[in-house]
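One structure is given below, encoded as structure tokens.
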Protein chains: 2
Amino acid sequence: MSLKREHCNVEGTLREAGLSQTARRVAVLTVMIQADGPLSAGDILKRTDPEQKINKVTIYRILSSFRENRIIRELPTDQGMNLYEMSCRHNPSHPHFYCKTCRTMSCLPPVNLSQAQESFAGQNVFRIDDVHVHVTGVCRQCHRQDKI
Amino acid sequence: MSLKREHCNVEGTLREAGLSQTARRVAVLTVMIQADGPLSAGDILKRTDPEQKINKVTIYRILSSFRENRIIRELPTDQGMNLYEMSCRHNPSHPHFYCKTCRTMSCLPPVNLSQAQESFAGQNVFRIDDVHVHVTGVCRQCHRQDKI
DNA sequence: AAATAAATTGCAATCGAGTTGCATTTTATA
DNA sequence: TATAAAATGCAACTCGATTGCAATTTATTT
Ligand SMILES: [Mn+2]
Ligand SMILES: [Mn+2]
Ligand SMILES: [Zn+2]
Ligand SMILES: [Zn+2]
């Protein structure tokens with residue numbers, strides 16, 4: 001489920017999103033593109049050049065701007081913190097497996113939900129306790145009330 | 001997607017789970033059974049009898065025991081807090097729709113994932129931004145290492 | 001290149017859902 | 001009733017994430 005091969009271009013991605021090219025954004029996006037799985041804000045901070053000593057607030061603000069621009073997607077965990085991964089054409093939306101024991105999230109191939117239980121058996125999955133589908137968007141009521 | 005009609009019995013549910021019948025547990029479970037959608041810990045606190053003035057810590061501990069006994073299931077939101085709903089035979093696992101605008105979570109009927117986009121169109125869904133499948137359990141590595 | 005306006009960043013403080021330790025109260029069992 | 005076990009309240013705490021504001025950096029215009 002890793003990508004690596006033929007992935008996004010940092011400068012081009014920022015330009016297309018209309019985000020100015022700052023050293024901080026380039027550093028964070030480079031980490032995200034090179035990641036082989038979902039990362040937490042703390043993971044990202046650790047993987048940036050220590051010389052840059054980026055503030056954690058900056059990490060969160062950059063992650064927010066990336067999320068708003070669909071450069072990354074945010075994956076909530078059962079532990080109350082979020083993980084992040086690239087959301088580009090090289091990495092379309094897919095299921096994730098979260099191990100409650102080692103608290104690691106791993107990516108799973110896209111699959112038909114009704115076949116999920118059997119299909120995930122071949123992955124790094126010993127036991128499945130729950131399969132949860134989470135749909136996000138805007139409801140009719142909010143659209144009617146012009147909240148968006 | 002509401003239940004109401006022919007739902008679980010409070011005393012029987014606690015007994016089957018091996019949980020002692022305390023006034024607090026009865027109050028929380030009654031709220032959960034009567035709920036017409038996922039509730040937050042704060043929602044539950046508000047819906048219990050003010051005369052009982054239950055402590056929020058007690059709410060969280062009761063929710064944990066209910067979750068461990070599969071009486072309820074926990075639904076993480078994009079806002080960093082959890083919602084809870086009954087996890088009994090009357091309410092099998094199903095997708096949820098979370099509106100980013102009004103921050104309300106509503107239940108959706110079980111559906112084939114590949115048909116999700118079209119199938120959810122008839123619900124209180126104006127626009128779908130993301131369909132995320134979240135699988136929870138234990139990975140092979142953790143099982144091998146006897147962490148469980 | 002220098003000046004200006006706009007956007008980004010760091011720092012400290014703060015938020016808030018959720019947790020922990022411990023004393024007190026309630027429940028189950030004898 | 002007496003006793004042990006479990007549940008609860010209270011206060012303090014954790015930690016990921018957010019906010020306000022001043023300082024810095026970037027983009028844009030002379
Ligand atoms: Mn992934
Ligand atoms: Mn539901
Ligand atoms: Zn694991
Ligand atoms: Zn809404």
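Letters A, B, ... are given to chains in the order of the sequence lines, protein chains preceding strands, and every chain is numbered from 1. Computation of the quantities below employed the complete heavy-atom set of this structure, encompassing side-chain atoms and omitting hydrogens, waters and symmetry-equivalent molecules.
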Practice item. Check the pair Met86(A) / His7(A) against side chain to side chain contact (heavy atoms under 4.5 Å, CB included), numbers first and verdict last. Key: CA-CA 10 Å; Met86(A) 289 300 294; His7(A) 211 314; 3.9 Å; yes

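- Leu14(B) places its CG atom 11 Å from the P atom of dA7(D), with the value rounded to the nearest Å.
- Rounded to a whole Å, the CD atom of Gln79(B) is 12 Å from the P atom of dG18(C).
- Within residues 37-55 of chain B, the residues that have a heavy atom under 4.0 Å from DNA chain D are, in order of number, Lys53(B), Ile54(B), Asn55(B).
- Here dA17(D) presents its P atom at 12 Å from CG of Leu75(A), a figure rounded to the nearest Å.
- A donor-acceptor contact closer than 3.5 angstrom links the side chains of Arg25(A) and Ser20(A).
- Taking the nucleotide of DNA chain C with the nearest heavy atom to each of Thr22(A) and Leu83(B), the more 5' of the two is matched to Thr22(A).
- The side chain of Asn82(B) has dG18(C) as its nearest neighbour among dG10(C), dC10(D), dG18(C).
- Annotation for Asn69(B) and Ala17(B): closest pair OD1-O, 3.3 Å, computed over non-hydrogen atoms.
- As rounded to whole Å, 11 Å separates atom P of dA7(D) from atom CZ of Phe66(B).
- Between Arg25(A) and dT8(C) there is a side-chain polar atom (N or O) within less than 4.0 angstrom of OP1 or OP2.
- In this structure, the CG atom of Leu29(A) is 16 Å from the C1' atom of dT8(C), given to the nearest Å.
- Checked by atom type, the side-chain pair Thr58(A)/Asn55(A) shows no donor-acceptor distance below 3.5 Å.
- Each of Leu19(B) and Tyr84(B) has a nearest nucleotide on DNA chain C; the 5'-most of these lies closest to Tyr84(B).
- Judged by distance alone, with hydrogens and angles left aside, Lys56(A) brings a side-chain donor or acceptor within reach of the base of dA17(D), the pair sitting under 3.5 Å.
- Nearer to the 5' terminus of DNA chain D, by closest-nucleotide assignment, is the contact made by Met81(A) (compared with the other of Met81(A) and Gln21(A)).
- Of the candidate nucleotides dG16(D), dT27(C), dA11(D), dG16(D) has the atom nearest to the side chain of Tyr60(A).
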Practice item. For the pair Ser65(A) and Leu19(A), evaluate side chain to side chain contact (heavy atoms under 4.5 Å, CB included) and give the outcome as yes or no after the intermediate values. Key: CA-CA 9 Å; Ser65(A) 72; Leu19(A) 295 172; 4.2 Å; yes

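- Regarding Ile62(A), its CD1 atom lies at a distance of 14 Å from the C1' atom of dT26(D), rounded to whole Å.
- In this entry the distance linking CD1 of Ile59(B) with P of dT20(C) reads 18 Å, nearest Å.
- For His96(B) and Glu85(B), the side-chain atoms include at least one donor-acceptor pair closer than 3.5 Å.
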Check your understanding: After noting the C-alpha distance and the side-chain angles of Arg67(B) and Arg73(B), does the key distance pass the side chain to side chain contact (heavy atoms under 4.5 Å, CB included) rule?
Key -> CA-CA 6 Å; Arg67(B) 180 165 38 81; Arg73(B) 69 176 67 95; over 6 Å; no

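- Of the candidates dA28(C), dA7(C), dG16(D), dA28(C) carries the atom nearest the Ser20(B) side chain, counting heavy atoms from C-beta on.
- Within 4.0 Å of Arg61(A), counting heavy atoms only, lies at least one base atom of the nucleic acid.
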